[in-house]
Amino acid sequence: DKANYRHFMAKEIHEQPEVVGHTLAHYVDMATEKVAMPVKLPFDFKDIQRLSITACGTASYAGFVAKYWFERLARLPVELDVASEFRYREAPLRKGDLAIFISQSGETADTLAALRYAKSQGLHTISVVNVPTSTIARESETALPTLAGPEIGVASTKAFTCQLAALAAIAIAAGRARGELSETDETKLVHGLIEVPRLMTEALALEPQIEKLARDIAKSQDVLYLGRGTNYPLALEGALKLKEISYIHAEGYAAGELKHGPIALIDEKMPVVVIAPYDRVFEKTVSNMQEVAARGGRIILMTDAQGAREATVDSLVTIILPDMPATVTPLVYAIPVQLLAYHTAVVMGTDVDQPRNLAKSVTVE
Ligand code: F6R
């Protein structure tokens with residue numbers, strides 16, 4: 001039931017503070033601010049030399065964010081694949097290493113095939129799944145749940161942020177086990193995660209501003225999304241979300257790649273959504289935005305108060321989010337990204353919950 005919302009997607013976007021809170025409560029101890037895995041893992045993170053993360057679509061972008069986390073927090077090298085490629089590219093895998101599979105439905109055929117392949121190669125397997133009775137959950141060595149509740153809208157929203165919440169906790173656990181994070185680091189990181197539901201509620205309050213912006217986006221033929229670091233995968237997710245429900249063509253790029261090609265597309269007609277909280281690479285993103293502005297491109301900047309002050313760029317609309325630790329930005333910035341796609345689709349009059357040609361669960365390879 002859609003409660004008082006016009007679409008399931010809107011309801012599911014708004015449920016995120018609650019379901020991300022539930023998911024976090026499953027992985028961290030709120031009182032001590034330490035990671036608390038729901039099950040004992042059948043391996044030691046110290047013995048893992050390489051982590052392979054595999055998924056499809058939006059789940060693969062959650063995996064892409066997690067790659068940054070595992071590498072930075074646990075110094076664990078990560079290979080990320082879309083499942084349709086992982087299964088067939090004959091990657092050299094080391095017996096005893098770990099593979100993580102991420103899937104909302106737990107029934108995605110390519111992801112399942114990749115899981116079976118990893119098992120046949122003697123890897124430990126973890127699935128991060130939203131449906132605990134699913135095939136992928138049953139066939140993986142360890143199934144770790146997201147507690148998003150049923151996701152009805154075909155475009156994934158709350159499952160994505162719950163995947164991020166679970167993966168962040170697993171990355172912190174890995175960092176601790178590998179001796180890369182101190183107890184104080186752990187507490188700081190977990191504290192940041194616990195703040196996410198509140199930060200998401202604040203981000204949801206930006207909806208009226210985003211709704212207005214969507215009317216403008218709806219007039220465009222193409223939209224570019226840029227981000228750096230963990231917000232680069234979020235740029236990919238923003239572009240996917242927009243194209244699948246509004247049918248407006250969109251591309252996500254690492255902001256630094258702009259001048260290696262996509263800048264040729266920029267003109268007055270192309271909005272550029274820049275996802276850039278103020279951080280150590282912000283200055284570099286400002287120069288990318290100046291390049292866009294110099295070519296007449298219109299910029300929508302999702303940032304924080306400091307970012308808004310430091311962004312010395314013309315023709316800029318800023319969406320200002322609260323301050324937060326860098327680690328959690330992809331979870332919270334997902335909200336304005338999803339709302340922008342949603343409201344653009346509503347303006348376009350598309351079937352938001354059942355976009356054409358798409359199925360909620362893709363059970364053929
Ligand atoms: C996009 C979307 C898809 C799914 C993908 C994987 O909004 O929903 O890209 O993320 O088909 O599905 P699951 O997570 O069920 O394996």
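What's counted below: heavy atoms across the whole structure, side chains too, no hydrogens, waters or symmetry copies. Remember, it's 1-based here, ligands and their atoms both numbered in the order they're listed.
V292 and I275 are not part of a single hydrophobic cluster, where members link through side-chain heavy atoms under 4.5 Å apart.
For ligand 1, the atoms lying closer than 4.0 Å to a non-hydrogen atom of E244 are 1 (C), 7 (O). Ligand 1 places these atoms under 4.0 Å from at least one heavy atom of A59: 10 (O), 14 (O). Of all atoms in ligand 1, numbered sequentially from 1 with element shown, those under 4.0 Å from a heavy atom of V154 are 8 (O). Distances below 4.0 Å separate heavy atoms of G57 from the following atoms of ligand 1: 9 (O). Shown in contact with S105 at under 4.0 Å from a heavy atom are these atoms of ligand 1, numbered in order with element: 13 (P), 15 (O), 16 (O). When each atom of ligand 1 is checked for a heavy atom of A155 under 4.0 Å away, the hits are 7 (O).
Within the 3.5 Å criterion, the main-chain N or O of A148 finds a donor-acceptor partner in the side chain of N130.
At least one heavy atom of K241 lies less than 4.0 angstrom from ligand 1. Between I136 and ligand 1 there is no heavy-atom distance shorter than 4.0 Å.
The protein heavy atom nearest to atom 6 (C) of ligand 1 is C56 O, 3.4 Å. The closest protein non-hydrogen atom to atom 14 (O) of ligand 1 is Q104 N, 2.6 Å. Given atom 11 (O) of ligand 1, the protein heavy atom at minimum distance is V362 CG2, 4.3 Å. With respect to atom 10 (O) of ligand 1, the closest heavy atom belonging to the protein is T58 N, 3.2 Å.
Between T108 and ligand 1, at least one N/O pair is under 3.5 Å apart. Remark: ligand 1 and K360 share no N or O pair separated by less than 3.5 Å (distance only, no angle test).
By the ring-ring contact (aromatic ring centres under 6.0 Å, His included) test, F8 is found to be paired with no residue, residues two or more places apart in sequence or in another chain being considered.
A 6.0 Å sphere centred on NZ of K188 holds no more than 12 heavy atoms belonging to other residues, nucleotides or ligands.
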In residues 256-269, what donor-acceptor pairs under 3.5 Å come from side-chain atoms, sequence neighbours left out?
from, atom 1, to, atom 2, distance (Å)
D267, OD1, K269, N, 2.8
D267, OD1, M270, N, 3.3

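In this structure, a donor-acceptor pair under 3.5 Å is absent between the side chains of S84 and E365.
A centroid separation of less than 6.0 Å is found between the aromatic rings of F64 and Y232.
A 4.5 Å side-chain heavy-atom check between M302 and L321 finds at least one atom pair inside the cut-off. Taking the side chain as every heavy atom from C-beta outward, I100 and V128 approach each other to under 4.5 Å.
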